[in-house]
Q: 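The structure's right below; bear with me while I get my questions together.
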Amino acid sequence: MSDRSDRSGAQPIWIENLTLVLGRAFAMVSLILVIIWATRESITDGYLGGLDWNKNVFNWHPVMMIAGIVCCTGWSITAFRMKVQKYSTSRNLHVFFHLGAKICITVGLRAAWEAKDNDENPHFVTLHSWLGIATSILLFQNDILGLCHFVLPYASGAMRKLYAPYHIFFGKMSLVFAVITIEAGIMEKNTFIGCQPEINSRDKNPGGHYEDIPPGCRLSDGLGITVALALIFLLFALRNKKIHTPTTSQQKGNTITKQKGESPSFFGTVMGPLGVTTDTASNVWDAEAHNSSSSMSSRNSSFSISNFRARASSVT
(Lines give C-alpha, C1' and ligand atoms only; values in the text may rest on other atoms or scores of the structure.)
Protein backbone atom coordinates (compact mmCIF):
# COMPACT_ATOMS: atom_id res chain seq x y z
CA MET A 1 0.00 0.00 0.00
CA SER A 2 1.25 3.49 -0.81
CA ASP A 3 2.71 5.48 2.04
CA ARG A 4 0.18 8.20 1.30
CA SER A 5 -2.93 6.08 0.77
CA ASP A 6 -3.67 5.56 4.46
CA ARG A 7 -3.51 9.05 5.85
CA SER A 8 -5.98 9.97 8.53
CA GLY A 9 -8.47 12.59 7.40
CA ALA A 10 -7.01 12.88 3.88
CA GLN A 11 -8.51 11.98 0.53
CA PRO A 12 -7.03 8.98 -1.34
CA ILE A 13 -3.96 9.71 -3.41
CA TRP A 14 -5.75 9.09 -6.70
CA ILE A 15 -8.33 11.78 -5.91
CA GLU A 16 -5.59 14.25 -5.05
CA ASN A 17 -3.72 13.50 -8.28
CA LEU A 18 -6.93 13.66 -10.33
CA THR A 19 -7.92 17.07 -8.96
CA LEU A 20 -4.38 18.29 -9.49
CA VAL A 21 -4.42 17.20 -13.14
CA LEU A 22 -7.86 18.74 -13.66
CA GLY A 23 -6.79 22.02 -12.06
CA ARG A 24 -3.73 22.28 -14.26
CA ALA A 25 -5.74 21.25 -17.33
CA PHE A 26 -8.36 23.97 -16.74
CA ALA A 27 -5.53 26.46 -16.27
CA MET A 28 -4.17 25.57 -19.71
CA VAL A 29 -7.65 25.72 -21.24
CA SER A 30 -8.05 29.20 -19.74
CA LEU A 31 -4.83 30.32 -21.40
CA ILE A 32 -5.96 28.96 -24.77
CA LEU A 33 -9.35 30.69 -24.49
CA VAL A 34 -7.89 34.08 -23.54
CA ILE A 35 -5.43 33.89 -26.45
CA ILE A 36 -8.32 33.19 -28.87
CA TRP A 37 -10.35 36.02 -27.31
CA ALA A 38 -7.48 38.48 -27.66
CA THR A 39 -6.14 37.51 -31.09
CA ARG A 40 -9.34 37.42 -33.16
CA GLU A 41 -9.88 40.76 -34.84
CA SER A 42 -13.67 40.79 -35.14
CA ILE A 43 -14.47 43.41 -32.51
CA THR A 44 -18.15 43.49 -33.46
CA ASP A 45 -18.39 39.82 -32.48
CA GLY A 46 -17.08 40.52 -28.99
CA TYR A 47 -13.41 39.73 -29.59
CA LEU A 48 -10.62 42.06 -28.53
CA GLY A 49 -9.06 42.79 -31.93
CA GLY A 50 -5.60 41.22 -32.01
CA LEU A 51 -2.30 41.24 -30.13
CA ASP A 52 -0.32 44.27 -31.23
CA TRP A 53 1.68 46.19 -28.64
CA ASN A 54 1.48 49.39 -30.68
CA LYS A 55 -2.18 49.26 -31.71
CA ASN A 56 -3.88 47.06 -29.10
CA VAL A 57 -1.49 47.07 -26.17
CA PHE A 58 -4.29 46.42 -23.66
CA ASN A 59 -5.03 43.01 -25.16
CA TRP A 60 -1.71 41.78 -23.78
CA HIS A 61 -3.02 42.47 -20.27
CA PRO A 62 -5.53 39.60 -19.95
CA VAL A 63 -3.26 37.18 -21.80
CA MET A 64 -0.22 37.83 -19.61
CA MET A 65 -2.18 37.95 -16.36
CA ILE A 66 -3.88 34.60 -16.95
CA ALA A 67 -0.58 33.10 -18.12
CA GLY A 68 1.21 34.40 -15.04
CA ILE A 69 -1.44 33.88 -12.37
CA VAL A 70 -3.65 30.96 -13.38
CA CYS A 71 -1.03 28.91 -15.22
CA CYS A 72 2.39 29.72 -13.74
CA THR A 73 1.29 30.44 -10.17
CA GLY A 74 -1.18 27.56 -10.19
CA TRP A 75 1.50 25.16 -11.34
CA SER A 76 4.06 26.57 -8.94
CA ILE A 77 2.07 26.23 -5.73
CA THR A 78 1.20 22.62 -6.62
CA ALA A 79 4.76 21.65 -7.60
CA PHE A 80 5.31 19.74 -4.33
CA ARG A 81 2.13 17.66 -4.72
CA MET A 82 3.28 15.30 -7.47
CA LYS A 83 4.82 12.10 -6.08
CA VAL A 84 5.79 10.86 -9.56
CA GLN A 85 8.69 13.29 -9.81
CA LYS A 86 11.80 13.76 -7.71
CA TYR A 87 11.73 16.22 -4.83
CA SER A 88 14.54 18.25 -6.37
CA THR A 89 12.49 18.52 -9.57
CA SER A 90 9.48 19.77 -7.60
CA ARG A 91 11.64 22.33 -5.85
CA ASN A 92 13.17 23.61 -9.09
CA LEU A 93 9.78 23.76 -10.81
CA HIS A 94 8.41 25.79 -7.90
CA VAL A 95 11.13 28.39 -8.41
CA PHE A 96 10.91 28.33 -12.21
CA PHE A 97 7.14 28.83 -12.42
CA HIS A 98 7.17 31.57 -9.77
CA LEU A 99 9.80 33.42 -11.76
CA GLY A 100 7.79 33.01 -14.95
CA ALA A 101 4.67 34.21 -13.17
CA LYS A 102 6.31 37.43 -12.02
CA ILE A 103 7.64 38.16 -15.52
CA CYS A 104 4.17 37.66 -17.04
CA ILE A 105 2.45 39.73 -14.34
CA THR A 106 4.93 42.59 -14.78
CA VAL A 107 4.35 42.65 -18.56
CA GLY A 108 0.58 42.47 -18.03
CA LEU A 109 0.57 45.40 -15.60
CA ARG A 110 2.74 47.42 -17.97
CA ALA A 111 0.30 46.76 -20.82
CA ALA A 112 -2.67 47.97 -18.79
CA TRP A 113 -0.79 51.10 -17.69
CA GLU A 114 0.24 52.01 -21.23
CA ALA A 115 -3.29 51.40 -22.53
CA LYS A 116 -4.70 53.85 -19.99
CA ASP A 117 -2.07 56.44 -20.90
CA ASN A 118 -2.65 56.01 -24.65
CA ASP A 119 -6.40 56.50 -24.25
CA GLU A 120 -5.90 59.30 -21.70
CA ASN A 121 -8.02 57.47 -19.14
CA PRO A 122 -7.46 57.77 -15.37
CA HIS A 123 -5.82 54.97 -13.45
CA PHE A 124 -7.32 53.07 -10.51
CA VAL A 125 -10.96 54.05 -10.86
CA THR A 126 -12.54 50.57 -10.90
CA LEU A 127 -12.90 47.73 -8.44
CA HIS A 128 -10.86 45.52 -10.79
CA SER A 129 -7.90 47.88 -10.68
CA TRP A 130 -7.86 48.12 -6.88
CA LEU A 131 -8.21 44.36 -6.51
CA GLY A 132 -5.32 44.05 -8.95
CA ILE A 133 -3.09 46.26 -6.82
CA ALA A 134 -3.95 44.29 -3.67
CA THR A 135 -3.30 40.98 -5.47
CA SER A 136 0.03 42.19 -6.85
CA ILE A 137 1.17 43.25 -3.38
CA LEU A 138 0.21 39.84 -1.96
CA LEU A 139 2.01 37.97 -4.73
CA PHE A 140 5.24 39.97 -4.67
CA GLN A 141 5.55 40.21 -0.87
CA ASN A 142 5.10 36.46 -0.56
CA ASP A 143 7.83 35.86 -3.12
CA ILE A 144 10.22 38.35 -1.55
CA LEU A 145 9.74 36.94 1.96
CA GLY A 146 10.01 33.42 0.60
CA LEU A 147 13.28 34.35 -1.08
CA CYS A 148 14.63 35.84 2.15
CA HIS A 149 13.62 32.86 4.29
CA PHE A 150 14.16 29.85 2.04
CA VAL A 151 16.77 30.81 -0.56
CA LEU A 152 19.15 33.35 0.92
CA PRO A 153 21.34 31.87 3.67
CA TYR A 154 20.44 34.37 6.36
CA ALA A 155 17.31 33.03 8.08
CA SER A 156 17.79 30.45 10.80
CA GLY A 157 16.04 27.11 10.73
CA ALA A 158 13.68 28.26 13.47
CA MET A 159 12.75 31.36 11.44
CA ARG A 160 12.05 29.29 8.33
CA LYS A 161 9.87 26.84 10.21
CA LEU A 162 8.02 29.71 11.89
CA TYR A 163 7.36 31.50 8.59
CA ALA A 164 6.48 28.45 6.45
CA PRO A 165 2.74 28.27 7.44
CA TYR A 166 2.31 31.96 6.67
CA HIS A 167 4.03 31.50 3.31
CA ILE A 168 1.61 28.70 2.44
CA PHE A 169 -1.43 30.66 3.60
CA PHE A 170 -0.59 33.84 1.71
CA GLY A 171 0.32 31.81 -1.36
CA LYS A 172 -3.18 30.34 -1.45
CA MET A 173 -4.82 33.66 -0.68
CA SER A 174 -2.85 35.31 -3.46
CA LEU A 175 -4.26 32.82 -5.94
CA VAL A 176 -7.81 33.34 -4.63
CA PHE A 177 -7.48 37.13 -4.82
CA ALA A 178 -6.00 36.85 -8.30
CA VAL A 179 -8.91 34.76 -9.61
CA ILE A 180 -11.44 37.17 -8.07
CA THR A 181 -9.62 40.02 -9.81
CA ILE A 182 -9.63 38.16 -13.14
CA GLU A 183 -13.37 37.51 -12.90
CA ALA A 184 -14.01 41.18 -12.13
CA GLY A 185 -11.86 42.17 -15.11
CA ILE A 186 -13.72 39.85 -17.50
CA MET A 187 -17.06 41.22 -16.33
CA GLU A 188 -15.82 44.80 -16.69
CA LYS A 189 -14.53 44.19 -20.22
CA ASN A 190 -17.73 42.40 -21.28
CA THR A 191 -19.76 45.37 -20.09
CA PHE A 192 -17.47 47.79 -21.94
CA ILE A 193 -17.69 45.98 -25.31
CA GLY A 194 -21.47 45.54 -25.02
CA CYS A 195 -22.03 41.84 -24.47
CA GLN A 196 -25.56 42.26 -23.15
CA PRO A 197 -28.19 41.59 -25.85
CA GLU A 198 -31.06 44.06 -26.28
CA ILE A 199 -34.59 42.94 -25.38
CA ASN A 200 -37.91 44.76 -25.82
CA SER A 201 -40.02 42.93 -23.28
CA ARG A 202 -39.81 41.03 -20.02
CA ASP A 203 -37.21 38.27 -20.24
CA LYS A 204 -39.24 35.16 -19.41
CA ASN A 205 -36.83 32.80 -21.17
CA PRO A 206 -33.18 33.78 -20.49
CA GLY A 207 -31.87 30.77 -22.42
CA GLY A 208 -33.65 31.96 -25.53
CA HIS A 209 -31.31 34.96 -25.80
CA TYR A 210 -28.13 32.92 -25.66
CA GLU A 211 -27.72 33.02 -29.44
CA ASP A 212 -28.01 36.83 -29.31
CA ILE A 213 -24.84 37.08 -27.23
CA PRO A 214 -21.82 37.81 -29.48
CA PRO A 215 -19.54 34.75 -29.89
CA GLY A 216 -16.58 36.57 -28.36
CA CYS A 217 -18.64 37.32 -25.28
CA ARG A 218 -19.73 33.70 -25.01
CA LEU A 219 -16.07 32.74 -25.18
CA SER A 220 -15.11 35.21 -22.44
CA ASP A 221 -17.93 33.85 -20.26
CA GLY A 222 -16.50 30.38 -20.75
CA LEU A 223 -13.08 31.77 -19.88
CA GLY A 224 -14.40 32.99 -16.54
CA ILE A 225 -15.88 29.55 -15.82
CA THR A 226 -12.64 27.68 -16.64
CA VAL A 227 -10.61 30.07 -14.45
CA ALA A 228 -12.99 29.42 -11.54
CA LEU A 229 -12.82 25.65 -12.09
CA ALA A 230 -9.02 25.77 -12.17
CA LEU A 231 -9.02 27.53 -8.79
CA ILE A 232 -11.47 25.04 -7.25
CA PHE A 233 -9.52 21.95 -8.33
CA LEU A 234 -6.12 23.43 -7.43
CA LEU A 235 -7.26 24.41 -3.95
CA PHE A 236 -8.84 20.99 -3.44
CA ALA A 237 -5.54 19.36 -4.39
CA LEU A 238 -3.80 21.57 -1.81
CA ARG A 239 -6.11 20.73 1.09
CA ASN A 240 -3.81 18.03 2.51
CA LYS A 241 -1.17 19.29 4.93
CA LYS A 242 1.13 16.39 4.01
CA ILE A 243 3.00 17.12 0.79
CA HIS A 244 5.76 15.60 -1.31
CA THR A 245 8.75 15.54 1.04
CA PRO A 246 12.29 14.42 0.26
CA THR A 247 13.25 10.81 0.90
CA THR A 248 16.19 9.89 3.14
CA SER A 249 18.55 9.65 0.18
CA GLN A 250 17.33 12.96 -1.19
CA GLN A 251 17.79 14.57 2.22
CA LYS A 252 21.40 13.43 2.19
CA GLY A 253 21.80 14.83 -1.30
CA ASN A 254 20.36 18.15 -0.16
CA THR A 255 22.58 18.39 2.93
CA ILE A 256 24.62 21.56 2.90
CA THR A 257 28.28 21.25 3.80
CA LYS A 258 28.88 24.83 4.78
CA GLN A 259 32.62 25.40 4.91
CA LYS A 260 34.38 28.41 6.34
CA GLY A 261 33.97 31.40 4.05
CA GLU A 262 31.33 29.67 1.86
CA SER A 263 27.63 30.30 1.46
CA PRO A 264 25.08 27.58 0.68
CA SER A 265 24.41 27.17 -3.03
CA PHE A 266 21.05 28.18 -4.51
CA PHE A 267 19.86 24.65 -5.23
CA GLY A 268 21.53 23.32 -2.09
CA THR A 269 19.17 25.40 0.00
CA VAL A 270 16.08 23.33 0.65
CA MET A 271 13.05 25.32 -0.43
CA GLY A 272 10.71 22.64 0.76
CA PRO A 273 9.61 24.23 4.05
CA LEU A 274 6.29 24.87 2.28
CA GLY A 275 4.80 22.31 4.63
CA VAL A 276 7.75 19.91 4.50
CA THR A 277 8.23 18.17 7.83
CA THR A 278 12.02 17.75 7.57
CA ASP A 279 14.11 20.77 6.73
CA THR A 280 17.58 19.39 6.04
CA ALA A 281 19.23 22.76 5.64
CA SER A 282 17.75 23.97 8.89
CA ASN A 283 18.98 20.92 10.74
CA VAL A 284 22.46 21.25 9.27
CA TRP A 285 22.75 24.96 10.03
CA ASP A 286 21.36 24.50 13.53
CA ALA A 287 23.75 21.61 14.17
CA GLU A 288 26.67 23.66 12.90
CA ALA A 289 25.68 26.57 15.09
CA HIS A 290 25.46 24.25 18.08
CA ASN A 291 28.81 22.63 17.28
CA SER A 292 30.41 26.02 16.75
CA SER A 293 29.05 27.27 20.05
CA SER A 294 30.17 24.12 21.86
CA SER A 295 33.61 24.32 20.32
CA MET A 296 34.00 27.96 21.28
CA SER A 297 32.78 27.21 24.79
CA SER A 298 35.29 24.36 25.05
CA ARG A 299 38.12 26.58 23.84
CA ASN A 300 37.16 29.31 26.31
CA SER A 301 37.03 26.77 29.12
CA SER A 302 40.43 25.35 28.16
CA PHE A 303 41.87 28.85 27.90
CA SER A 304 40.58 29.73 31.37
CA ILE A 305 42.04 26.59 32.94
CA SER A 306 45.42 27.29 31.30
CA ASN A 307 45.40 30.84 32.62
CA PHE A 308 44.54 29.65 36.10
CA ARG A 309 47.38 27.11 36.12
CA ALA A 310 49.85 29.68 34.80
CA ARG A 311 48.88 32.17 37.49
CA ALA A 312 49.07 29.49 40.18
CA SER A 313 52.58 28.43 39.11
CA SER A 314 53.75 32.06 39.03
CA VAL A 315 52.52 32.65 42.56
CA THR A 316 54.23 29.57 43.90
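All values reported here derive from a predicted model rather than from experimental measurement.
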Q: Between Ala164 and Phe150, what is the shortest heavy-atom contact and its length?
A: CA-CZ, 4.0 Å
Q: Compare every heavy atom of Ile105 with every heavy atom of Met65, then report the nearest pair and how far apart it is.
A: SD-O, 3.8 Å
Q: Could you check whether any side-chain heavy atom of Ile193 comes within less than 4.5 Å of a side-chain heavy atom of Ile43, counting everything from C-beta outward?
A: no
Q: Which pair of heavy atoms, one from Ile36 and one from Leu219, lies closest together, and at what distance?
A: CG2-CD1, 3.7 Å
Q: How would you list all residue pairs meeting disulfide bond (SG atoms under 2.5 Å apart) that involve residues 185-219, not counting sequence neighbours?
A: Cys195-Cys217
Q: So if you build clusters from Ile, Leu, Val, Met, Phe, Trp, Tyr with side-chain heavy-atom gaps below 4.5 Å, do Ile213 and Ile225 land together?
A: no
Q: Out of curiosity, Lys172 NZ to Arg239 CZ, how far, rounded to the nearest 0.5 Å?
A: 10.0 Å
Q: Would you say the side-chain atoms of Thr126 pair up with the backbone N or O of Ser129, donor to acceptor, closer than 3.5 Å?
A: yes
Q: Name the residue from Val57, Asp52, Asn56 that meets the side chain to side chain contact (heavy atoms under 4.5 Å, CB included) definition with Asn54.
A: Asp52
Q: For Ala155, is there any backbone N or O sitting under 3.5 Å from a side-chain donor or acceptor partner on Arg160?
A: yes
Q: Report whether Val227 and Leu127 are members of the same hydrophobic cluster (ILVMFWY, side-chain heavy atoms less than 4.5 Å apart, transitive linking).
A: yes
Q: Quick one: list whatever passes side chain to side chain donor-acceptor pair (under 3.5 Å) with Thr226, sequence neighbours left out.
A: Ser30
Q: More than 12 heavy atoms of other residues, nucleotides or ligands under 6.0 Å from OH of Tyr166: yes or no?
A: no
Q: Stepwise, does the side chain to side chain contact (heavy atoms under 4.5 Å, CB included) test hold for Ser174 with Thr135?
A: CA-CA 6 Å; Ser174 298; Thr135 301; 5.6 Å; no
Q: Is there a side-chain contact between Pro214 and Thr44 in this structure, where contact means two heavy atoms from C-beta onward sitting under 4.5 Å apart?
A: no
Q: Atom CG of Leu131 and atom OG1 of Thr181: how far apart are they, to the nearest 0.5 Å?
A: 4.5 Å
Q: Would you list the pairs meeting salt bridge (charged side-chain N to carboxylate O under 4.0 Å, His left out) in which at least one residue belongs to residues 125-143, sequence neighbours left out?
A: Lys102-Asp143
Q: Taking the six-membered ring where the residue is Trp, are the ring centres of Tyr154 and His149 under 6.0 Å apart?
A: no
Q: Taking a hydrophobic cluster as the set of Ile, Leu, Val, Met, Phe, Trp and Tyr residues connected by side-chain heavy atoms closer than 4.5 Å, whether directly or through intermediates, do Phe140 and Ile182 fall within one such cluster?
A: yes
Q: CG/Leu22 to CD1/Ile15 distance, rounded to the nearest 0.5 angstrom?
A: 11.5 Å
Q: Is any side-chain heavy atom of Lys189 closer than 4.5 Å to a side-chain heavy atom of Leu48?
A: yes
Q: Is there a side-chain contact between Asn142 and Leu145, using heavy atoms and a 4.5 Å cut-off?
A: no
Q: Mind listing the closest non-hydrogen atom pair of Cys104 and Gly68 along with its distance?
A: CB-CA, 3.6 Å
Q: Under 3.5 Å, is there a donor-acceptor pair between the side chain of His94 and the main chain of Ser76?
A: yes
Q: Side-chain contact, heavy-atom cut-off 4.5 Å: Phe124 with Ile133?
A: yes
Q: In this structure, are over 12 heavy atoms from other groups packed under 6.0 Å from Met173 atom CE?
A: yes
Q: To the nearest 0.5 Å, tell me how far Trp60 CH2 sits from Leu51 CG.
A: 5.0 Å
Q: Angle class for the Trp113/His123 ring planes (parallel below 30°, perpendicular above 60°, tilted otherwise)?
A: parallel
Q: Ring centres of Tyr47 and Trp37 under 6.0 Å apart?
A: no
Q: Do Leu18 and Phe233 come within less than 4.5 Å of each other through their side chains, counting heavy atoms only?
A: no
Q: Is Leu138 linked to Val176 within one hydrophobic cluster, defined over Ile, Leu, Val, Met, Phe, Trp and Tyr using a side-chain heavy-atom separation of less than 4.5 Å?
A: yes
Q: Please list every donor-acceptor pair under 3.5 Å in which a side-chain atom of residues 196-211 meets a protein atom from a residue at least two apart or in another chain.
A:
{"from": "Asp203", "atom 1": "OD1", "to": "Asn205", "atom 2": "N", "distance (Å)": "3.4"}
{"from": "Asp203", "atom 1": "OD1", "to": "His209", "atom 2": "NE2", "distance (Å)": "3.0"}

Q: Begin with the C-alpha distance, continue with both residues' side-chain angles, and end with the deciding distance and a verdict on side chain to side chain contact (heavy atoms under 4.5 Å, CB included) for Leu31 and Val70.
A: CA-CA 8 Å; Leu31 180 60; Val70 182; over 6 Å; no
Q: Do Tyr163 and Ile137 belong to the same hydrophobic cluster, where Ile, Leu, Val, Met, Phe, Trp and Tyr are linked whenever their side-chain heavy atoms lie under 4.5 Å apart, directly or via other members?
A: no
Q: Rounded to the nearest 0.5 Å, what's the gap from OG1 on Thr73 to CD1 on Ile66? Could you check?
A: 12.0 Å
Q: Any side-chain heavy-atom pair from Thr19 and Ile232 closer than 4.5 angstrom?
A: no
Q: Do the non-hydrogen side-chain atoms of Leu231 and Phe236 ever get within less than 4.5 Å of each other?
A: no
Q: Got a second to check how far Glu183's CD is from Met187's CE, nearest 0.5 Å?
A: 9.0 Å
Q: Can you list the other members of the hydrophobic cluster that holds Leu99, where links are side-chain heavy atoms under 4.5 angstrom apart?
A: Ile103
Q: Output all residues satisfying side chain to side chain donor-acceptor pair (under 3.5 Å) with Glu114, sequence neighbours left out; order by chain, then residue number.
A: Trp53, Arg110
Q: If I compare all heavy atoms of Ala38 with all of Val63, which pair ends up nearest, and what's the gap?
A: CB-CG2, 3.7 Å
